[in-house]
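Read the numbers this way: they start at 1 and go in the same order the structure lists the ligands and their atoms. As the structure is a prediction and not an experimental result, all values here were calculated from the model.
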Amino acid sequence: MRNPLITIILCLGLLPTNAQTHSHAGAQPLTYPNIAGYVTLKTDLHQHSVFSDGHVWPTIRVQEALRENLDAISLTEHLEYQPHKEDIPHPDRNRAYHLAVEEAVEHDLLIVPGSEITRSAPIGHSNAVFITDANELVHEDAKDAFATAKKQGAFVFWNHPAWFEQSPSGNPILSDFQQQLIKSGQMQGIEVINSVDYAEESLALALANNLTIMGTSDIHGLIDWDYTEKGNHRPITLVFAKEKSLPSLKEALFAGRTVAVYNDLLVGKAEFLKPLLQASIHVLKASYLPNTQVLQIELKNSTSSDLMFENAMDYTFYDISPVFVIPAGESKIVHIKTLEILGSFDLKLKALGAYTEPKVHPIIEWNVKIDRP
Ligand code: ZN
């Protein structure tokens with residue numbers, strides 16, 4: 001066995017400067033680029049603590065978010081399901097939020113006040129975030145809870161629509177109740193990714209009803225145990241906001257400027273997902289191999305997601321598969337047969353891990369200037 005001290009010294013020497021590594025030993029900071037006109041906020045707006053059916057104190061949620069470099073979180077405790085209430089009595093339903101705010105005060109992490117309105121199907125579970133007082137949302141009749149959320153100016157989204165405990169087919173069923181919520185402006189978003197589940201049918205519902213596309217961890221235990229240790233990142237919603245602030249985050253959610261991300265899966269409306277992917281890949285180098293018309297380009301993936309692409313050009317590749325992956329934070333060399341010497345060209349790749357509609361992958365374009373031989 002190698003001397004552990006020597007191992008540490010060797011490892012330090014090899015650490016990449018941007019802290020992107022492929023070891024999944026612990027939480028890693030998540031990175032996604034800004035897009036034109038907006039800052040990209042990394043958010044997880046569906047989480048639980050011991051103030052409903054979660055297993056940790058709210059401060060742990062803040063520390064987990066800081067370890068992963070998130071910009072905003074919400075503790076959305078079930079209003080109607082409080083299994084620890086006898087051990088932890090809390091007449092004030094805003095308590096988890098206040099503890100998180102206190103913990104985050106020295107940090108650049110936004111804490112969004114939220115609650116989960118919890119009923120059996122056909123009403124289902126929904127998160128109301130940007131509420132002003134969770135206590136007022138406790139109602140016998142679900143209709144009153146949603147009406148109060150609306151009165152408080154909340155952004156409301158439908159949680160895990162495809163959850164088989166509420167829909168045994170594993171497909172979302174949009175109920176009359178929910179249709180009424182959407183029609184009356186009391187529900188504006190939908191989770192297409194909840195914990196490890198992605199439902200294309202939920203994406204179809206989002207697009208058909210102009211709902212904001214959300215991805216959340218719905219964490220009850222520890223992020224490290226449930227996600228990181230298994231080689232996964234927690235699902236998040238990237239929100240394209242005018243600036244990093246609570247009012248801007250709220251405005252962007254109502255405007256539907258989001259992409260849901262889980263590992264190498266990215267789901268969003270084309271107008272946001274395409275510029276995100278465009279900004280995620282940098283062309284580091286482009287030049288011809290000596291005495292050939294074979295172009296060599298180096299592509300760098302600046303995100304925390306492994307990105308899979310397929311060649312979408314008429315030009316073919318020289319020595320790699322038309323389908324290839326650029327691992328998170330890494331770069332890849334691609335050889336393209338352009339048949340003549342070009343000064344520039346449009347690189348076109350289909351993003352196979354990304355969906356703008358069920359079964360539809362966006363094609364992303366980069367104009368590439370080629371170095372003179
Ligand atoms: Zn929940």
Side-chain angles (χ1 to χ4, degrees), residues 43-58 60-62 64-65 70 72-85 88 90 93-97 99-100 111-131 134-135 137-139 142 145-146 149 154-167 170 172-173 175 177-178 181 186-199 202 205-206 211-223 225-227 232-237 253 258 260-262:
T43 73
D44 184 1
L45 302 181
H46 187 170
Q47 304 189 53
H48 297 276
S49 78
V50 288
F51 286 85
S52 59
D53 59 342
H55 311 304
V56 305
W57 198 252
I60 297 295
R61 294 285 172 247
V62 172
E64 286 175 330
L70 296 191
I73 61 167
S74 186
L75 300 188
T76 48
E77 311 297 356
H78 294 282
L79 291 165
E80 299 83 5
Y81 182 49
Q82 301 262 313
H84 308 308
K85 211 168 148 190
I88 307 169
H90 52 284
R93 298 308 185 86
N94 301 307
R95 186 68 183 137
Y97 163 70
L99 286 166
I111 309 294
V112 180
S115 282
E116 182 159 2
I117 301 168
T118 315
R119 298 289 190 284
S120 44
I123 296 169
H125 295 195
S126 301
N127 275 351
V129 294
F130 291 99
I131 54 174
N135 298 313
L137 265 67
V138 183
H139 285 286
F146 285 99
F155 173 82
V156 175
F157 58 95
W158 182 9
N159 297 342
H160 43 70
W163 184 30
F164 56 40
E165 281 196 31
Q166 292 202 329
S167 175
I173 300 162
S175 68
F177 185 88
Q178 287 153 338
L181 288 180
Q186 293 179 84
M187 183 183 283
Q188 299 85 14
I190 182 170
E191 287 180 344
V192 304
I193 300 172
N194 173 282
S195 62
V196 300
D197 301 325
Y198 164 56
S202 302
L205 281 180
L211 297 171
T212 300
I213 291 168
M214 306 291 292
T216 71
S217 70
D218 200 354
I219 187 72
H220 289 70
L222 288 171
I223 289 289
W225 289 3
D226 286 8
Y227 292 102
N232 298 314
H233 296 304
R234 78 164 91 193
I236 56 173
T237 307
L253 287 169
T258 62
V261 180
Y262 180 47

Legend entry - 2.8 Å cut-off met by an N, O or S atom of His48 to the Zn ion (ligand 1):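 True for His48.
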Inset, instruction - Report yes or no: does His220 have an N/O/S atom closer than 2.8 Å to the Zn ion (ligand 1)? - result: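 His220 does not place any N, O or S atom closer than 2.8 Å to the Zn ion (ligand 1).
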Legend entry - the Zn ion (ligand 1): angle it makes with OD1 (Asp218) and OE1 (Glu116), nearest 10 degrees: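 Vertex the Zn ion (ligand 1), arms to OD1 of Asp218 and OE1 of Glu116: 160°.
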Inset, instruction - Identify the heavy atoms of Ile117 and Ala128 that sit nearest to each other, and give their distance. - result: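 Nearest pair, atom of Ile117 first, then Ala128: CD1-CB, 4.4 Å.
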Legend entry - For the student: nearest non-hydrogen atoms of Leu45 and Ile73, plus distance: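 That closest heavy-atom pairing would be CD2-C, 3.9 Å.
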Inset, instruction - Pick out which of Glu77, Gln82, Arg95, His84 makes a side chain to side chain donor-acceptor pair (under 3.5 Å) with His90. - result: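 By the side chain to side chain donor-acceptor pair (under 3.5 Å) criterion, His90 pairs with just one of Glu77, Gln82, Arg95, His84: Gln82.
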Inset, instruction - Have a look at His46 and say which of its N, O or S atoms is nearest the Zn ion (ligand 1). - result: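 Within His46, restricted to N, O or S, the Zn ion (ligand 1) is closest to atom NE2.
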Legend entry - Residues His220 and Asp53: side-chain donor-acceptor under 3.5 angstrom: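 Judged by distance alone, the side chains do pair up.
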